[in-house]
Amino acid sequence: MESELQKYDHISQANAVFGIHLVDTAEAYPNLKILAADMAVAGSIERFKYSYPNQFLDLGIAEQNLVGVAAGLANEGYRPIAVAQGCFISMRSFEMNRQYLGYMGNPVVLVGLNSGFFLQYFGNTHYAIEDLAIMRTIPNMQVFSPCDAYEAILCTEAALNSENPSYIRLTGGATLPLMHPDGYNFRLGKADVLKEGSDICIYATGAMVFRAMETAERLESEGYSVEIVNVHTIKPFDNEHVVNQKGKTLIVSIEEHNIIGGLGSAVADAMSESEGMPVLLKLGVKDCFSKPGCYDYLLEQHRLTTEKITEDILKKMK
């Protein structure tokens, strides 16, 4: 029998593999309902739509209504997954997410497509660079940020098997490499150490994980030993792993998200509760609006390319 990873190893985009996997998931969850905000094509959900038409609803471009309907279905015993652009399902629907999901405890799985800068020329109105900060403030809300397409599947399974509402943030494009071998032991709320090291500990999430691995190669050519940690679960967060990094010279967080309120802030919160911690370098989207352009151009503006990340870490180590 082919493995989960082998079934999807020809697909690197998290959006695409998420939608395709839903077809395989439907039989395991007979109460599954997929709701979309005009995202059947963008979320690769068309195959599910035609295979299970009675389990699919398109609410149109109305994200607040999307969350409300999903909450109502969850209250009636269904397992809804609500899919929309990351910027709108988090920002536009915040009050509904807070009241209907967090407060009322409805176990809806929210999926934010094209988060970060992936919508490129659509501009600042469509960049989801505040969503981690927004969603992690909601009590009872779990927040996932998978680093590749395979991990997107694992986050979806973890969310569906939880009684809490969840937000899954999908970042990265069609060239995002797979970071995990088959048989990866995904543990909700636990740090995933991709590489051990003794001098620098880099916490990265989403599409920044593979850039962190590239950065580690460059730093090690300069004589530094680097640990790389993939943070797939922003909430609940693995505080214990952070506290255990006291022996490091530098801790770094890297995210395609505002440096305020996201991964870096979660790391800082954990560090603040323990004495003797090293310096924290928070790398991410600066606290400003961006000049729209292609994906690489946007990353360059915020020094989130491998070259710039390496430069900033080396500067901090000197």
For [Y], is there an ion pair with [X] - N to carboxylate O distance below 4.0 angstrom?
X    : Y    : result
K248 : D199 : no
D131 : R136 : no
K318 : E222 : no

F237, I134: one ILVMFWY side-chain cluster at the under-4.5 Å cut-off? yes

In the single-linkage hydrophobic clustering (I, L, V, M, F, W, Y; side-chain heavy atoms under 4.5 Å), do F88 and I168 co-cluster? no

Ignoring hydrogens and geometry beyond distance, is a side-chain donor-acceptor pair present between [X] and [Y] at under 3.5 Å?
X    : Y    : result
Y29  : E157 : yes
N114 : Q85  : yes
S225 : E220 : no
E300 : Y295 : no

Test item: [X] and [Y] side chains (from C-beta on) under 4.5 Å apart, heavy atoms:
X    : Y    : result
K195 : I202 : no
F48  : Q55  : yes
Q245 : E227 : yes
H232 : T205 : no
L299 : M208 : yes
L32  : Y78  : no
H257 : T171 : no
F94  : I138 : yes

N/O donor-acceptor pairs under 3.5 Å from side chains in residues 273-292, not counting sequence neighbours:
{"from": "S274", "atom 1": "OG", "to": "K246", "atom 2": "NZ", "distance (Å)": "3.0"}
{"from": "K282", "atom 1": "NZ", "to": "I259", "atom 2": "O", "distance (Å)": "3.0"}
{"from": "S290", "atom 1": "OG", "to": "H302", "atom 2": "NE2", "distance (Å)": "2.7"}

Measuring from atom CG of D192 to atom SG of C147, what distance do you get when rounded to the nearest 0.5 angstrom? 7.0 Å

Output field: ring centroids H180/F186 closer than 6.0 Å: no

Would you please indicate if the ring centroids of H126 and F118 are separated by under 6.0 Å? no

Looking at A37, is its backbone amide N or carbonyl O close enough to the side chain of E63 to form a donor-acceptor pair, meaning the two atoms are under 3.5 Å apart? no

Output, in order, the C-alpha distance, side-chain angles, deciding distance and verdict of side-chain hydrogen bond (donor to acceptor under 3.5 Å, both in side chains) for E151 and Y184. CA-CA 9 Å; E151 195 167 69; Y184 161 48; 2.7 Å; yes

